[in-house]
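Proteins come first, then strands; the chains are lettered A, B, ... in the order of their sequence lines, and each starts at number 1. Basis for what follows: all heavy atoms, side chains included, without hydrogens, waters or symmetry-related copies. Here the structure is a predicted model, which means the values were calculated and not measured.
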There are 2 protein chains.
Amino acid sequence: MVSNQAQLLLPLKKHIEEATFPMTNEEFEPILGHFDVIRRKKHQFVVQEHDQVRNEFWVLKGCLKAYFVDGSGKEHIIQFAQEEWWITDYEAFLKQSQASIFIECIEDCELLTISLENREKLCQEQHRMALFWANKTKFGFLALQKRILSLLKNNAKERYEEFLRLYPSLLQRVPKKMIASFLGVSRETLSRLE
Amino acid sequence: MVSNQAQLLLPLKKHIEEATFPMTNEEFEPILGHFDVIRRKKHQFVVQEHDQVRNEFWVLKGCLKAYFVDGSGKEHIIQFAQEEWWITDYEAFLKQSQASIFIECIEDCELLTISLENREKLCQEQHRMALFWANKTKFGFLALQKRILSLLKNNAKERYEEFLRLYPSLLQRVPKKMIASFLGVSRETLSRLE
DNA sequence: AAAATGAAGTGATGTAGATCACTTCCGGTA
DNA sequence: TACCGGAAGTGATCTACATCACTTCATTTT
């Protein structure tokens, strides 16, 4: 449970309202009660391969990367997360099984965490929260479809330009070689685009 | 609404039970009442670019492909569907906007259709159905994540082998050039693998 | 039954992007 | 202030895969 750092945590209220409908502070408080706050330094992990993944994370502050390491030791970035984004190993989290990826802070981070148990409890207690997660998954699904289409139909340059359009703020804080990995391109090729 | 072709429609009952929990025929009937049956011949479309997408489809019989046509007229296959799979243009369906893709029968098809309105009604009337679609979206999300990872880390041959492992039955009924398109490979290259 | 159409295989050639090797340019730290 | 490791740029070369052109075979159409 979270102590009263109201200012810090209001963004979550707004985030949930935007995907559902307005609520009072009294309604928000029990929701918040199902989350914890954690702090991690740059280079620390919130998930490592083979971990039991008990939590989903919501970024209050900072930036993270989720990546898979292939047989030859190469890193493939699945997802970034910055303020107000959600991140975890969803496969492992939703099936309560072992992580197949790493999630690492690329800046000092403050995160809200929620367990699957608490998430399901919240969904049952509050119709709003069931709707919230349903919407989140729905839009997450559509975003992944777009990324697949982009991988199928666009070349390296087009994918990079799309990334710039979609996530201009990440360009400022994420090393280019990680963006290359996210796009499925070598860092040398990315550097030569334009 | 559907007339009583109970035999034909029982697979849907089983499909829903598998993702939730058992039900009686009496419970199933009102669910079925929210669907319609349509029949389409090979080469017919169930969705065309710029259509309003009013329905989601569940395949009773037959096989379909969902594809995007790029600027140079090239087809990129997003998804196949065969018996007991769901298909539509989810972006357009969920946002009730215009299709950006085509969905075409590659065999004669019998499909169950449900509108977004009926789907939402069902979710409100029956807790089970809300759970059902939540689970479906969740697993759909995980499947898309796997496909992205496969596009990022595997070469053409590895992706083809993975496809064979995951969907052996599609190999029998779908032309190889469509599988090539689904995998993001030219049909010549696919033909030369192995 | 003949003709048209489309799926699939295959050779020759072109090219986007990977890989390797080296250099430069920082930002942290000792 | 010098040192070190990581980020990034760039040349040379390699390669996986695309593209084009042609052939064969099977299915559909007339």
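Regarding B/I106, its CD1 atom lies at a distance of 17 Å from the P atom of D/dT27, rounded to whole Å. Rounded to an integer number of Å, the gap from A/H43 NE2 to D/dG6 C1' is 9 Å. In this structure, CZ of B/R159 is placed 10 Å from C1' of D/dC17, rounded to the nearest angstrom. For the pair A/K177 NZ and D/dT10 C1', the computed distance is 18 Å after rounding to whole Å. To the nearest angstrom, C1' of D/dG9 lies 13 Å from CG of A/L193. Distance, A/K153 NZ to D/dA18 P: 17 Å, rounded to whole Å. Note: CD1 (A/I179) to P (D/dG9) measures 11 Å, nearest angstrom. What separates CG of A/L190 from C1' of D/dT10 is a distance of 14 Å, to the nearest Å.
Taking every side-chain heavy atom of B/K74 into account, D/dT19 is the closest of D/dG9, C/dA7, D/dT19. Of the candidate nucleotides C/dA8, C/dA18, D/dC17, C/dA18 has the atom lying nearest to any side-chain atom of A/V185. Listed nucleotides D/dC20, D/dA21, D/dA8 differ in distance to B/R192; the shortest reach to its side chain belongs to D/dC20. For B/R187, taking side-chain heavy atoms from C-beta onward, the closest of the listed nucleotides D/dG9, C/dA7, C/dG9 is C/dG9.
Using a 4.0 Å cut-off, no side-chain N or O of B/K42 falls inside it from OP1 or OP2 of C/dG6. For the OP1/OP2 pair of D/dA7 and a distance below 4.0 Å, the side-chain nitrogens and oxygens of A/K176 include no atom meeting the criterion. Contact annotation: A/T189 does not reach the phosphate of C/dG17 (side-chain N/O to OP1 or OP2, under 4.0 Å).
Between A/K95 and A/E91, at least one side-chain N (NZ, or NE/NH1/NH2) sits under 4.0 Å from a carboxylate O, which counts as a salt bridge.
B/R128 and B/T20 share a side-chain donor-acceptor pair at under 3.5 Å. Side-chain polar atoms of A/Y90 and B/Q145 form no donor-acceptor pair below 3.5 angstrom.
Under the 6.0 Å cut-off for aromatic ring centres, A/H15 and A/F132 qualify, their centroids lying closer than that.
The side-chain hydrogen bond (donor to acceptor under 3.5 Å, both in side chains) test with A/Q82 singles out one residue from A/K61, A/E107, A/R173, and that residue is A/R173.
In the interface, the side chain of B/E188 is not paired with the base of D/dC17 through any donor and acceptor atom under 3.5 Å apart.
If B/M178 and A/N155 are placed on DNA chain C by their nearest nucleotide, the residue sitting closer to the 5' end is B/M178.
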